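Everything on this sheet refers to the single structure shown next.
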Number of protein chains: 2
Amino acid sequence: FTLSVWRLKSPPRSSSRARGGGGAQALAGAKLTPLSPCRTLCRPSSTLLRRKMAGNDVPPRRGKVLTVDTMNANVKKVEYAVRGPIVQRAVQIEKELKEGVKKPFNEVIKANIGDAHAMGQQPITFFRQVLALCSYPELLDDNKFPEDAKNRARRILKACGGSSIGAYSASQGIDCVRQDVSRYIEHRDGGIACDPDNIYLTTGASDGIVTILKLLTTGEGRTRTGVMISIPQYPLYSAALAELGAVQINYYLNEEKCWSLDIDELQRSLEAAREHCRPRVLCIINPGNPTGQVQSRQCIEDVIRFAAKEHLFLMADEVYQDNVYAEGCAFHSFKKVLFEMGPKFSSTVELASFHSTSKCYMGECGFRGGYMEVINMDPEVKAQLTKLVSVRLCPPVPGQALMALVTNPPQPGEPSYAQFIAEKTATLNNLAQKAKMTEEILNTVPGIRCNPVQGAMYSFPRITLPERAIKDAKAKGQVPDMFYCMKLLEETGICLVPGSGFGQKEGTFHFRMTILPPTDKLQTMLRKLKEFHQQFTQQYS
Amino acid sequence: FTLSVWRLKSPPRSSSRARGGGGAQALAGAKLTPLSPCRTLCRPSSTLLRRKMAGNDVPPRRGKVLTVDTMNANVKKVEYAVRGPIVQRAVQIEKELKEGVKKPFNEVIKANIGDAHAMGQQPITFFRQVLALCSYPELLDDNKFPEDAKNRARRILKACGGSSIGAYSASQGIDCVRQDVSRYIEHRDGGIACDPDNIYLTTGASDGIVTILKLLTTGEGRTRTGVMISIPQYPLYSAALAELGAVQINYYLNEEKCWSLDIDELQRSLEAAREHCRPRVLCIINPGNPTGQVQSRQCIEDVIRFAAKEHLFLMADEVYQDNVYAEGCAFHSFKKVLFEMGPKFSSTVELASFHSTSKCYMGECGFRGGYMEVINMDPEVKAQLTKLVSVRLCPPVPGQALMALVTNPPQPGEPSYAQFIAEKTATLNNLAQKAKMTEEILNTVPGIRCNPVQGAMYSFPRITLPERAIKDAKAKGQVPDMFYCMKLLEETGICLVPGSGFGQKEGTFHFRMTILPPTDKLQTMLRKLKEFHQQFTQQYS
């Protein structure tokens, strides 16, 4: 019995692999994997082999239990560009700058992620006062805090086990917070009823989205659940689908018409998908991420009609519902439009809508607060959902408290009202101004074309790349817009995400840029970007 | 074309199903599912059927997209007893009490879940002061707060984007918090090095456990990943394995020897499992949940040797590491024992260890703070892990801040040190006292036999149930210990979890009871439990 039944893979993929093991030095760096047909047969003999190789008590050198070759294959397929290689390089560059390495810039500007506070946006005072009171209730005796903040804190604490935000809450979320959420939705939707039983608090919107997708994923091969997502998309969706092993069905937004959604394109995409999977879900992001469009009421109605006709479960990602800037645009919730379409739709179409504390005027990403509302969900499935979320015990309670404040902010007549409104308005106005500025400056650059940033926090401009740049990128094994963004980062310190991370029409190139940096920094950044693009174009022409 | 190719299931499982839809009333309550061989063929005709059934624009009555029959089958298999039917009934009873319904008791005592604050345990003052300061940094100017609390808050805030805990952190967790964690581990383990790069902050320990299990789950049929878990177990494990579709391999703890772990039993269980799956993982909970045992150093060494010999990935759930009460017992971390066994083990055995802010003397469950340390993980797999966690952006930042405080509490000489130590010691002493009292009182009851509660927060006594009770339970379709616990709840208001929710040897019955209620309430509860058990035994004998 010799090594001949083992396949020797050499050299190892990563030099650090050799570090891992002790044992037989002669084999260091080589990777042993049994030939698969022999795997089961080998087992009794392998004990013998181990003894021969390693002697008495030494654990045999069999390599790791968990390697990239033996790990969950779905996880390997997961990609998440918003925190991908370009961001890792940005973090590295920041470290280099700290260590005194000379660069043609002094700081990295991270316009890759919708992280408002990191870009200097200030939290809402009232929210933070209440959170401090909830964290350390001794402050309730402090006359520095306004009465309404204290009352909110008392109400939240009363709803917590042992009056502590350190207690677990109900898995679906604290009752009174779910009531706040449901009143908020009713108010937002002009009085359409919202049952707190349909509200699930979540760990950010991502958690809710993944949970609903999980419920919906079944089948194998051609019966596998297909999920329609927009291209460009927010890569949480593609990542979750890869992990769950569901089939991603792409429908393309119409860049020429300001990233609008055409029902014909939905239909085309659906028909094509039916050849190889069972489409069951339609996901919409409105206002759009990464594309910044705001859907018209008519479009939403058409989408709902389409979902009803094609028997699709609707998922509406509405986390940017306060982020609407453009003249003539308004946020219409899927729930409201659904109910305005009358009972033949409102009593049948299954809808889950998601919201978060991370975006809008709050930008409280770190608290991981969120909720989802499920409409027309089968009661038995709802029971399964409630069971499923109970395994993770509960969403973070500080995030739940924050969600209570977002959905039940200071009211007219309360001491904190004026300041709350002033802060909220200032933040949203500032974002609106930056949205406009971003569009305007980008459109002055030959070779960059930017749709209006109607809402959300991003622009997703199209960039024209010279043929030679595309060739050079391919020679380096890089997607051309990654090549572009990486060069931009190295030369200017500006960190953007290549369009390929979100998906785009074959042969087109884009990047996603947040509008979140402070106005002056954003302006500098756009100027630098303009210069870079001109130089880049010249260099490769 | 008629209904004959459809299978009519009737009556519906739940009466509420009928409420869902409008449309053809004749079919209300009936459930249509196409016969499976015909599924694909039917598609074109079903359009016709819909038109015939529903007419023009009305969405056809096809039932829900998402039903229990068409949902993710793995999710259906998930069970989580700690928040199962008995707890749902307890919540209902609480509501009934509030509404004035007469019961033989005035309040529900929830001894079903390790939720310390809900049971009246007080948070550590220092932790909450720092959290309040982080939430509302204006308080840094307040001279009410001790300097060390302010310094900790400043340090945490400085490490946050925009100095706000509302910013996203790095997906692996805030750098300086991971450094605190690694110094804590080094100190705990007598100086054995800990690399902050091996630390991942998590959303409670559950999040980390599920993530590692996810990486390890592969294969189909007989090559499916098998995961060894103790019986009795904490049902997060069985739930996660069901959801992931991994194979649960049971090894039984030895109740006769104070719930100890026998290597022979591990071997037996492993050999049996190899017939139908590929065992790759061994999970240990120490101190034990639900069984409250503390493993000896020798036992841990034997387990590590076993894992090395059998090529298993070790998962050590060590969230109760401060909860050790019994004379002669001490907590030994798997990491420490592994490294003390010398490089032939410490450089090969793959280990993930989990900790949490929810247990020990903190009991801060609501913050969902946690960490895991991964040892000897293949660097490429680590890169995959980092990518995977980035999709959910980051663990809740308040929970990360709390973890920084737990692992870097006030030091001797700092203003908050004395109070911190006093509070921590009082809480742990109180728990030790209640552990002892629980064991003592339970063992006075004929028909209840309780092992010493050496650690953690639970006792898991064995109960003898009369034959007639077992028969009656089975007649009602209930597991006998569920029948027992449900009766206990209805008659006394005490909420425990039946042993069957954790797994137990065939023919034995147990319940899990936390030792968390305040001493006087715990005493009352144990007295009531004693009376109930005697009465129950009498009634069914």
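Letters A, B, ... are given to chains in the order of the sequence lines, protein chains preceding strands, and every chain is numbered from 1. Note that this is a predicted model, so its numbers are computed, not measured.
When the candidates B:A167, B:S164, B:S171, B:P395 are compared by the number of heavy-atom contacts under 4.5 Å with chain A, B:A167 comes out ahead. Counting heavy-atom pairs closer than 4.5 Å to chain B, the top-ranked of the candidates A:G162, A:G399, A:G369, A:G166 is A:G166. Counting heavy-atom pairs closer than 4.5 Å to chain B, the top-ranked of the candidates A:A132, A:G161, A:C365 is A:C365. Of the listed residues (A:N74, A:L215, A:V91, A:L402), the one with the most heavy-atom contacts under 4.5 Å to chain B is A:L215. Ranked by non-hydrogen atom pairs under 4.5 Å with chain B, the options A:R280, A:E364, A:M377 are led by A:R280. Highest contact tally toward chain B, considering only A:L312, A:T357, A:V391, A:T217, is held by A:V391 [criterion: heavy-atom pairs under 4.5 Å]. With respect to chain B, the highest number of heavy-atom pairs below 4.5 Å among A:L131, A:V130, A:I165 belongs to A:I165. In terms of heavy-atom pairs under 4.5 Å with chain A, the best-connected choice from B:P123, B:P137, B:S169 is B:S169.
Note that the CG atom of B:D175 and the NZ atom of A:K95 stand 6.0 Å from one another [nearest 0.5 Å].
No part of B:C160 comes within reach of chain A, as not one of its non-hydrogen atoms sits under 4.5 angstrom from that chain. B:E350 touches chain A through its side chain: at least one heavy atom from C-beta onward sits under 4.5 Å away, while N, CA, C and O do not. Heavy-atom distances place both the backbone and the side chain of B:S390 under 4.5 Å from chain A. For a residue to count as touching a neighbouring chain, one of its non-hydrogen atoms must lie under 4.5 Å from one of that chain's; by this rule A:A170 touches chain B with the backbone only. In this structure, chain A has a heavy atom under 4.5 Å from the side chain of B:K144, while its backbone stays farther away. For a residue to count as touching a neighbouring chain, one of its non-hydrogen atoms must lie under 4.5 Å from one of that chain's; by this rule B:D142 touches chain A with backbone and side chain alike. Neither the backbone nor the side chain of B:L385 comes within less than 4.5 Å of any heavy atom in chain A. Contacts between A:T225 and chain B at a heavy-atom distance below 4.5 Å are absent for every atom of the residue. Heavy atoms of B:V210 lying under 4.5 Å from chain A belong exclusively to its side chain.
A side-chain donor-acceptor contact under 3.5 Å links B:K387 to the backbone of A:V78.
Minimum heavy-atom separation, A:D115 to B:Y168: OD1-N, 3.1 Å. Of all the heavy atoms in A:L393 and B:I113, the pair that sits closest is CD2-CD1, 4.0 Å. Nearest heavy-atom pair across B:T218 and A:A73 is CG2-N, 4.3 Å.
The shortest distance between side-chain heavy atoms of A:E380 and B:T67 does not fall below 4.5 Å. Residues B:N72 and A:Q384 have side chains not in contact (no heavy-atom distance under 4.5 Å, counting atoms from C-beta outward). A heavy-atom distance below 4.5 Å is not found between the side chains of B:R128 and A:L139. Within the 4.5 Å cutoff, side-chain heavy atoms of A:E243 are placed close to those of B:L388.
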Dump the intermediate steps for side-chain contact (heavy atoms from CB on, under 4.5 Å) on B:C394 and A:R368, then the final yes or no.
CA-CA 8 Å; B:C394 70; A:R368 314 306 300 120; 4.1 Å; yes
Evaluate side-chain contact (heavy atoms from CB on, under 4.5 Å) for A:V281 paired with B:L66, printing each intermediate quantity in order.
CA-CA 10 Å; A:V281 193; B:L66 181 60; over 6 Å; no
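Every residue meeting the ring-ring contact (aromatic ring centres under 6.0 Å, His included) condition with B:Y136, not counting sequence neighbours, appears here in chain and number order: A:F145.
Side-chain contact, A:R392 with B:T203: no donor N or O sits under 3.5 Å from an acceptor N or O.
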